[in-house]
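Reminder, nothing fancy here: chain letters follow the sequence lines and each chain counts from 1.
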Amino acid sequence: MIHSLFVINHLGDIFLEKHWKSVISRSVCDYFFEAREKAVDPENVPPVLQTPHHYLISIYRGKLFFLSVIQTEVPPLFVIEFLHRVADTFQDYFGECSESVISDNVVIVYELLEEMLDNGFPLATESNVLKEMIRPPNILRSVVNTLTGGSNVGETLPQGQLSNIPWRRAGVKYTNNEAYFDVTEEIDAIVDKSGTTVSAEIQGVIEACVKLSGMPDLTMSFMNPRLLDDVSFHPCVRFRRWESERVLSFIPPDGNFTLMTYHISSQNLVAIPVYVKQSISFFEAGSCGRLDITIGPKQTMGKTVEDLKVTVHMPKAVLNANLTASQGNYTYDFTTKLLVWDIGKLNPQKLPNLRGSLSMQTGVPNPEENPSLNIDLKIQQLAISGLKVSRLDMYGEMYKPFKGVKYVTKAGKFQVRT
Amino acid sequence: MQEWANQLCENRQFGSKMTDSKYFTTTKKGEIFELKAELNSDKKEKKKEAVKKVIASMTVGKDVSALFPDVVNCMQTDNLELKKLVYLYLMNYAKSQPDMAIMAVNTFVKDCEDPNPLIRALAVRTMGCIRVDKITEYLCEPLRKCLKDEDPYVRKTAAVCVAKLHDINAQLVEDQGFLDTLKDLISDSNPMVVANAVAALSEIAESHPNSNLMDLNPQTINKLLTALNECTEWGQIFILDCLANYTPRDDRESQSICERVTPRLSHANSAVVLSAVKVLMKFMEMLPKDLDYYGTLLKKLAPPLVTLLSAEPELQYVALRNINLIVQRRPEILKHEMKVFFVKYNDPIYVKLEKLDIMIRLASQANIAQVLAELKEYATEVDVDFVRKAVRAIGRCAIKVEQSAERCVSTLLDLIQTKVNYVVQEAIVVIKDIFRKYPNKYESVIATLCENLDSLDEPEARAAMIWIVGEYAERIDNADELLESFLEGFHDESTQVQLQLLTAIVKLFLKKPTETQELVQQVLSLATQDSDNPDLRDRGYIYWRLLSTDPVAAKEVVLAEKPLISEETDLIEPTLLEELICHIGTLASVYHKPPSAFVEGSRGVQHKRLPGSTESGESESPDTASAAAVSDAPPAVIPSQGDLLGDLLNLDLTPPTTAGPPPPASSGMQMGAMDLLGGGLDSLMGDESEPLGGDLGGSPAIGAGFGAPPAAMPASFSAPVSGGLDDLFDLGGGVGMPMGAYSAPKTVWLPALKAKGLEISGTFARRSGVIQMEMTLTNKAMSVMTDFAIQFNRNSFGLAPAGPLQVLTPLSPNQSIEVTLPLNTVGPVMKMEPLNNLQVAVKNNIDVFYFSCQYPISMLFVEDGKMERQVFLATWKDIPNDSEAQFQIKDCHLSSDAASNKLQGSNIFTIAKRTVDGQDMLYQSMKLTNGIWVLTEMRVQAGNPVYTVSLKCRAAEVSQWVFQSYEAVLKN
């Protein structure tokens, strides 16, 4: 099982280590540093490394490497999932997952790691349960604690761990009972030069914020559940009901959680909200290039496209960009070679356009590769797949809760090739 | 470290006062002293702050162990947080302060009976983490109680504690019967307890490869399946992995398990999903293909696999490695999902390469147009490795999908036009393969290829180009000029290019003999006279002789029609694939190697197999089939008396009508068997290889280096895996009783002069599995000696006395006493120099004396050190050659059988023996107490007193000591 954890910052300093069994020397990380060196970019470090006596499994999150050491045959996905869970928990507790925040809260971090894993076996990884045992820091409580000598460790047995619904803590009480659901869909697409869709899929997720007293039992049904053939659920969802009736029936955890993720594959027709007309060319003579990008609406289902942004990763030889944007601003960072054009709202009457010249390094052969465009966008009140929640019912409690469902569509990995 | 901490503290000066960073601010001298005072403060709050400071210092690597007693004093508290912090501290430092840790024991025992189950669980959990031998004894009673606690939270914590304890002291766990209690917990009413018990048992089982800890039967399976629905995501992974080890009795049971496992495919945790996929892929084998459910199941598997690809890149990577296996086994699952494997430009490179690989595997006539368009796109990307692989992929598509060949070739030509150096070279390499697959079809492109001759600077591309020129010399007008241009720098070329050039020119000569005589002579003399590369020289001579003796024959040989290359060259060999499918989701599936090949020592012996389908009567389950093969095949492959001729005949004449179907096609390891052990056999057979070759499964082809997989192996080749045991009996029985382990005569370790009259001489021995230190204590002083005790320093293999030194009667002057001290290997480990050095302290009523001695490493060879043949071969191949050591043993006049018998007495096991040219090769294995395997090959030439021992071991430092043992054992 998981033997040790090292957290390493982007400079290659190990600033946190935790061993759940015997201590393993830091020198084991040298193999990792070697691979890190070889990969050039931190994103490209292979996640599973073999050393003579250990295996190193790492993830890269928020400019930090979480590196775990294992000695026996352990499912690597198990380790990777757990590491992401650790990062998620830090995020949840401290608002972000960064070196400074981890160092500032080192005692809580250790208490958490100790609770999350016992002898390498996961112990409590549900945020509801953890928060019952170790309270997240906040300024007010620190002040109160200092004055009264209270502590941030819960005194009670986390009841949830023992019940059949380990994800929900007991004795929840709210004056305003409310349940909100966010349906977010991200479009992953590759569009080729000519504007044809090479592949397109939708990653959907339903995030919930449920603040309901007692033990509510919720049922959510959809207008068109047939869209959902590839789904993953939070453990609270009763799978059998879904199989037979296509409704989500569950006792929710308290607070924020991901109820379900779904995937609508490339075999279904996925609507592409915008089209991009572009031409990027580099001239042999004069060491310069031209760039011309126009974006227009395609299938927006009558909604407005907002937060439109185009990112281009330029070839190394491009020194500077001299462009005019008909709408929004553009920046070009010549160290990272990133051209970012922030457009904002898409006006179908007056299409945004960015054009101008690129200055190139002289004496360098023209770049062979064509940069891809990355598109970001957002459409409020629309799930592009057409998914709609039809009802949300509550059983088991007498009060009447506030309910709400919000839809939003975003671009995920939306790439246009040139 | 200290420096780093200081730096950290400086950075923190500006930090918020409300965070833990305040605990870092005291780094001045006297800090420890200050903390000590605070820890002993009366105020509860101050105490807690102090403990927090101590923990903070500990976590950044500062040594605060001096505060041990003070921190332990804070343990008796009802403040839960303080208690937890103290526990954290204890876990960290108990190991370095074992005596102090004992002080804490009482509190633990008391906490284990606390009314609050949280405290009980916490106490038992922490005790298990204190890895001090002395504490474990005190742990047993509380643990036993906690395992039967009324509260499931405590029980589940205790289950894991058994695994911890096993890690520290395995014997104790077995003696105390904890394993049985753990097995009982599988039937616990609480799903979490079940999951943890399964997890603990699996971990324990890993260090006991042959134990039958997880006794799976339909009842337990049913319990596990019930618990599966209700336990946490991590518990589900443990249970699913455990289920995967079960072999259902029939297809109905298999189906019902599958039905209960499928809901897991919709779990949010990807590890759960993949473990479920493993169970389904394995049990699916047993379902009849015409069953409706079979089709339903296939359809259900695709969506979760696709979903895994939308997760974080690290998860994607592991998923892709596994999908690669699944696609090879059951391509139908994902055949419509090609698009999800399309590469995005910002995917990490390790994801890109894997996706590409799967794209080619899924390529078919239906989707080839799409795939090619994608591949062409990738070939213009930035990353060189990826571009190269994309170009190669185009070639592989051409070979795989015949209809697409033409389009592939034209795509490659387009790419060559880009003139990007590495793209051109890569394209030429794959075009060569396309020519091999579709001869006389695309030769029109040769002209274009020739234009790029000058830009080729990589050996592989140059060799490919030369091959093309030689092969199609008759169609290239200036072939001689082209080849001549390469010849100028002949000596600077790599071997690959040189060999290719030689062959190409000979081909050219045979096709156009009149104009090229001079050229061929030039190349032959370059190859034979001016080169010191034996391969090149030999090939040169062969051509020379051929050409000079019989040019017609030369033509037939050199210009013979070549077999077409096969469709897909990089498929994983079927038996290995089967094994890997059983290991989906594990490290083995990521490395595409069987676990035995890299998981050191442990569990290497068990090879998992997919269960057979039960749909028809003719296919028995593999177990019975191989059992039948075993019983029928004569145990002849390992010759017992060195009678090679008899053996060969035996082997050859094994009737192919062995009852039961022959075991499935040869595995990679069996092919390895041919390489390592069969190599000698082949050469020995010489001319007879015609009649024999057929039975040996096409081994000549392997020798000739053609990749053609041999047809089914003869039964006798795979059978001896288990038949070998009988042989070994023969081996031992031939000479008589196996001798005991060799032990050296006693030597003086501690001279009387140095030890106030006490003289100790001794030796080490291994008797029926127990390591013993045999000593003679002699009192050469004038007074009586009493109160003897002995202690070892930490040493390389964790040797420690298993009991006290038994000198009961006082030792009077001039009296000697023989003492035998049993040893175990669970003591603390520290690498010593030399490796087998042991530092000993002996105490008596007079003083404490220290001496050091060296133990023969053979004493650490355990009784189960006989590696299975297949594992041996795989391991031998897997250990790189540079960690091979060779030694010679001189003046040894034993026959190889006697030697092997003698070595066996010291737990050096002979696994196989071959005789080649009167030279006996013995393949031997041994295992050290710490699980390190050592593999050797010993060559014994009759009449030659010099033995050669080649040795391979992952821990190379033991080599010389093993060799020493060989010498000692053989010569005494």
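The contact between B/L85 and chain A is made entirely by side chain atoms (from C-beta outward), counting heavy-atom distances below 4.5 Å. With a 4.5 Å cut-off on non-hydrogen atoms, A/I70 touches chain B through its side chain but not through its backbone. Only the side chain of B/Q316 comes within less than 4.5 Å of a heavy atom of chain A; its backbone N, CA, C and O stay farther away. For B/Y317, the part lying near chain A is the side chain, with the backbone staying farther off; criterion is any non-hydrogen pair under 4.5 Å. Residue A/F239 touches chain B through its side chain alone, counting heavy-atom pairs closer than 4.5 Å. Heavy atoms closer than 4.5 Å to chain A are found nowhere in B/A373, neither backbone nor side chain. With a 4.5 angstrom heavy-atom cutoff, B/P263 touches chain A via backbone and side-chain atoms both. In this structure, no portion of B/V193 lies under 4.5 Å from any heavy atom of chain A. The contact between B/L88 and chain A is made entirely by side chain atoms (from C-beta outward), counting heavy-atom distances below 4.5 Å. With a threshold of 4.5 angstrom between heavy atoms, B/Y87 does not approach chain A through any atom at all. Using a 4.5 Å cut-off between heavy atoms, B/F341 makes no contact with chain A at all. In this structure, chain B has heavy atoms under 4.5 Å from both the backbone and the side chain of A/E114. At a 4.5 Å heavy-atom cutoff, A/Y262 makes no contact with chain B through either its backbone or its side chain.
Between B/C129 and A/D118 there is a side-chain heavy-atom pair separated by less than 4.5 Å.
Taking NZ of B/K164 as the reference point, atom CE of A/M1 lies at 14.0 Å (rounded to 0.5 Å). The structure places CG of B/D167 at 5.0 Å from NZ of A/K21, a figure rounded to the nearest 0.5 Å. Distance check: B/I584 CD1 to A/L77 CG gives 11.5 Å after rounding to the nearest 0.5 Å. Once rounded to the nearest 0.5 Å, the distance linking CG of A/L83 with CG of B/L315 reads 10.0 Å. With rounding to the nearest 0.5 angstrom, the CD atom of B/E374 is 8.5 Å from the CG atom of A/D192.
Residues A/P75 and B/I237 approach most closely at CG-CG2, 4.4 Å, considering heavy atoms. Here the closest heavy-atom approach between residue A/F121 and residue B/A163 is recorded as CE1-CB, 4.4 Å. Here the shortest heavy-atom pairing between A/N44 and B/Y350 reads O-CD2, 3.6 Å. Residues B/V590 and A/P76 share a closest heavy-atom pair of CG2-CG, 3.7 Å. For the residue pair A/S232 and B/A268, the shortest heavy atom distance occurs at CB-CA, 3.8 Å. Looking at every heavy atom in both residues, A/V198 comes nearest to B/K339 through O-CE, 3.1 Å.
Salt bridge A/E111/B/K52: absent, no basic N to carboxylate O contact under 4.0 Å. Looking at A/K193 and B/E377, no side-chain N of the basic residue comes within less than 4.0 Å of a carboxylate O on the acidic one, giving no salt bridge. Electrostatic pairing of A/R417 and B/E381 does not count as a salt bridge here, judged by no charged N lying under 4.0 Å from a carboxylate O.
Ring geometry for B/F238 against A/F78 counts as tilted: the plane angle lies between 30° and 60°, on a 0 to 90° scale.
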For B/R321 and A/V48, what are the C-alpha separation, side-chain angles and deciding distance, and is it a side chain to side chain contact (heavy atoms under 4.5 Å, CB included)?
-> CA-CA 11 Å; B/R321 291 295 283 172; A/V48 185; over 6 Å; no

Could you walk me through whether B/E312 and A/E81 pass the side chain to side chain contact (heavy atoms under 4.5 Å, CB included) check?
-> CA-CA 10 Å; B/E312 287 82 356; A/E81 277 278 356; over 6 Å; no

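Heavy-atom pairs under 4.5 Å with chain B peak, among A/I190, A/T125, A/V74, at A/T125. For chain B, the option among A/T258, A/D41, A/N374, A/V237 with the highest count of heavy-atom pairs below 4.5 Å is A/N374. Of the listed residues A/V45, A/D230, A/D188, the one with more heavy-atom pairs under 4.5 angstrom with chain B than any other is A/D230. Ranked by non-hydrogen atom pairs under 4.5 Å with chain B, the options A/H313, A/H84, A/M260, A/K413 are led by A/H84. No other option in B/M338, B/K344, B/K352 has as many heavy-atom pairs under 4.5 Å with chain A as B/K344.
Side-chain N or O atoms of B/Y591 include one that pairs as donor or acceptor with a backbone N or O of A/Q50 at under 3.5 Å. Checked by atom type and distance alone, the side chain of B/E314 never pairs as donor or acceptor with a backbone atom of A/S58 at under 3.5 Å.
Side chains of B/N346 and A/E43: a donor-acceptor N/O pair is absent below 3.5 angstrom, by distance only.
Counting non-hydrogen atoms of other residues, nucleotides and ligands closer than 6.0 Å to NZ of B/K419 gives a total above 12.
Of the residues A/E201, A/Q203, A/E186, the one that meets the side chain to side chain donor-acceptor pair (under 3.5 Å) test with B/S310 is A/Q203.
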